[in-house]
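Report on one structure; see the data block that follows.
Each ligand, and each atom within it, is numbered from 1 in the order the structure gives.
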Amino acid sequence: MILSRRSLVIASGAATLTAGLPLAYAQKAQFTFKYANNQPPQHPMNVRLKEAVEAIAKETNGRLDVQVFPSNQLGNDTDTLSQLRSGGVEMFNLSGLILSTLVTPAALNGLGFAFSNYDTVWKAMDGDVGAYIRAQIAKANILALDKIWDNGFRQMTSATKPINTADDLRGFKIRVPVSPMWTSLFKAFDSAPTSINASEMYTALQTKVVDGQENPLAVISNFKLFEVQKYCSVTNHMWDGFWTLVNRRAWDRLPADIQQITAKHINAAAMAERADLAAQDSQLRQSLEASGMVFNTPRTDGFRDKLRTAGFYKEWQGKFGDEAWSVLERYTGKLG
Ligand code: X2X
């Protein structure tokens, strides 16, 4: 049995990763920021975030106290995005694809099979694709810091069967995050996608509301999905990352030196987290296999053909527009 999100929050007294500043920073914080994310405390994102907020406290001499709330303690991703906009939460690490419910171009990097390796991902996201997306996010009055955190290349898991071909996805009851890109992708595969936030994912799988889901190995491991999923099919069907989003009014209240110190340490933490995940990669598969998961690696051509004939790429080229599309193709080569 797992605890519900609510009882977990009560049980932990909504403990944050910082739990107040060390005594060394005796000066009372001038600014206190809540920083939310959906990953459990042991995910490299939260490990690096904890280091970063300590470094920020130290370098600002305690003027800025950033309190990190992992595991959606302040609400699921959809709710937290509303809180970020209203200012109830000042900082939030969120998948661009989920942000795309508000800023459509933020889903650009998640287009099915757009990226085939990390080298291209980082060139694009640290280059013109990332810059393009951040400029669109800015129009929604939200600041996105420069360095996107890695979530990862996504793989499909199932309680019932390995996914070998696009046909295996027909009618497949799959949990997807709350985002039109994911729904559209799995509709194109003729699956039955259900939008469920990450905080409700484990329970949805456990109670068999859905038979499968798709996520990077680090998430499959950290959310303990191996307890409720048997098969892992290595499809690498999309790459997804987390932007550090900041409420614009809260950011503008910070003096320039604190802004600069904060951006520096958070961007550095994102770079360190990318390296952590890369280092964990091969060992993650082994540990998931040791937990009983069975892996297969399907050929992806059939999946791409299916998306093409279903009109998936045409649909998204229309939604994103030609400018966005050509920025992406600069890195990925011709799409669709
Ligand atoms: O919700 C998910 O599946 C996750 C954890 O990968 C995202 O944040 C998009």
Side-chain angles (χ1 to χ4, degrees), residues 5 35-46 49 68-81 83-84 89 91-103 106-112 114-115 121 125 133 137 144 148-158 173-186 191 193-206 209-226 228-229 232-245 270 273-274 277 280-281 284 288:
R5 190 63 45 190
Y35 192 154
N37 69 77
N38 67 14
Q39 293 297 310
Q42 71 276 12
H43 187 281
M45 175 204 284
N46 280 312
L49 213 42
V68 179
F69 294 86
S71 297
N72 285 120
Q73 286 179 2
L74 303 179
N76 68 34
D77 281 341
T78 307
D79 293 341
T80 309
L81 179 57
Q83 294 183 61
L84 177 87
V89 165
M91 298 180 81
F92 183 26
N93 273 16
L94 181 66
S95 157
L97 277 72
I98 298 176
L99 177 63
S100 79
T101 54
L102 181 66
V103 180
L108 192 55
N109 57 266
L111 188 79
F115 291 108
V121 166
M125 301 313 288
I133 293 172
I137 296 173
I148 191 167
W149 304 67
D150 191 19
N151 187 1
F153 278 95
R154 302 180 75 94
Q155 321 302 352
M156 300 181 193
T157 69
S158 159
K173 282 161 58 184
I174 183 168
R175 171 269 170 178
V176 292
V178 183
S179 162
M181 174 61 82
W182 266 295
T183 307
S184 143
L185 183 78
F186 284 94
S191 308
T194 307
S195 304
I196 297 172
N197 271 291
S199 52
E200 287 95 47
M201 170 168 64
Y202 184 102
T203 310
L205 292 165
Q206 188 186 37
V209 170
V210 285
D211 291 326
Q213 65 82 48
E214 46 77 64
N215 249 303
L217 297 191
V219 171
I220 296 168
S221 170
N222 282 306
F223 281 69
K224 302 199 188 310
L225 301 187
F226 52 84
V228 288
Q229 296 282 272
C232 182
S233 305
V234 181
T235 48
N236 290 307
H237 55 277
M238 64 160 78
W239 178 85
D240 171 43
F242 301 104
W243 290 109
T244 296
L245 305 178
E273 182 256 11
R274 294 180 188 179
L277 285 177
Q280 282 184 2
D281 200 46
L284 270 172
L288 289 168

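The N151 neighbourhood of ligand 1 comprises atoms 4 (C), 6 (O), 7 (C), 9 (C), with distances under 4.0 Å to a heavy atom of that residue. Within ligand 1, counting atoms from 1 as listed, the ones closer than 4.0 Å to a heavy atom of N38 are 5 (C), 7 (C), 8 (O). Heavy-atom contacts of N215 reach the following atoms of ligand 1: 2 (C), 3 (O), 4 (C), 5 (C), 6 (O) (cutoff under 4.0 Å). Taking every non-hydrogen atom of W182 and a distance limit under 4.0 Å, the qualifying atoms of ligand 1 come out as 9 (C). Counting atoms of ligand 1 from 1 in the listed order, those under 4.0 Å from a heavy atom of S95 are 9 (C).
Around atom 9 (C) of ligand 1, the closest heavy atom drawn from D77, N76, D240, N222 belongs to D240. Distances from atom 2 (C) of ligand 1 to the heavy atoms of H43, R175, Q39 show the closest one on R175.
You'll find the side chain of Q213 reaches within 4.5 Å of the side chain of T157, heavy atoms only. Within the 4.5 Å cutoff, side-chain heavy atoms of M201 are placed close to those of L225.
Judged by distance alone, the side chain of N76 and the main-chain N or O of E200 form no donor-acceptor pair under 3.5 Å. Remark: the backbone N or O of N72 is not paired with any side-chain donor or acceptor of S199 at under 3.5 angstrom. Using modelled atom types, one side-chain atom of Q229 and one backbone atom of S158 make a donor-acceptor pair closer than 3.5 Å.
Under the 4.0 angstrom criterion for non-hydrogen atoms, F242 is in contact with ligand 1.
Residues L74 and Q83 come closest through the heavy atom pair O-NE2, 2.8 Å.
Residue contacts with ligand 1, taken as heavy atom pairs separated by less than 4.0 Å, do not involve F223 at all. Proximity of N197 to ligand 1, defined as any heavy-atom pair under 4.0 Å, is not found for any part of the residue.
Residue R154 has at least one nitrogen or oxygen atom sitting less than 3.5 Å from a nitrogen or oxygen atom of ligand 1, judged on distance alone.
Checking each of T80, N38, T78 against N197 for a side-chain hydrogen bond (donor to acceptor under 3.5 Å, both in side chains) leaves exactly one that passes, namely T78.
Partners of D150 by side chain to side chain donor-acceptor pair (under 3.5 Å), not counting sequence neighbours, listed by chain and number: Y118, W239.
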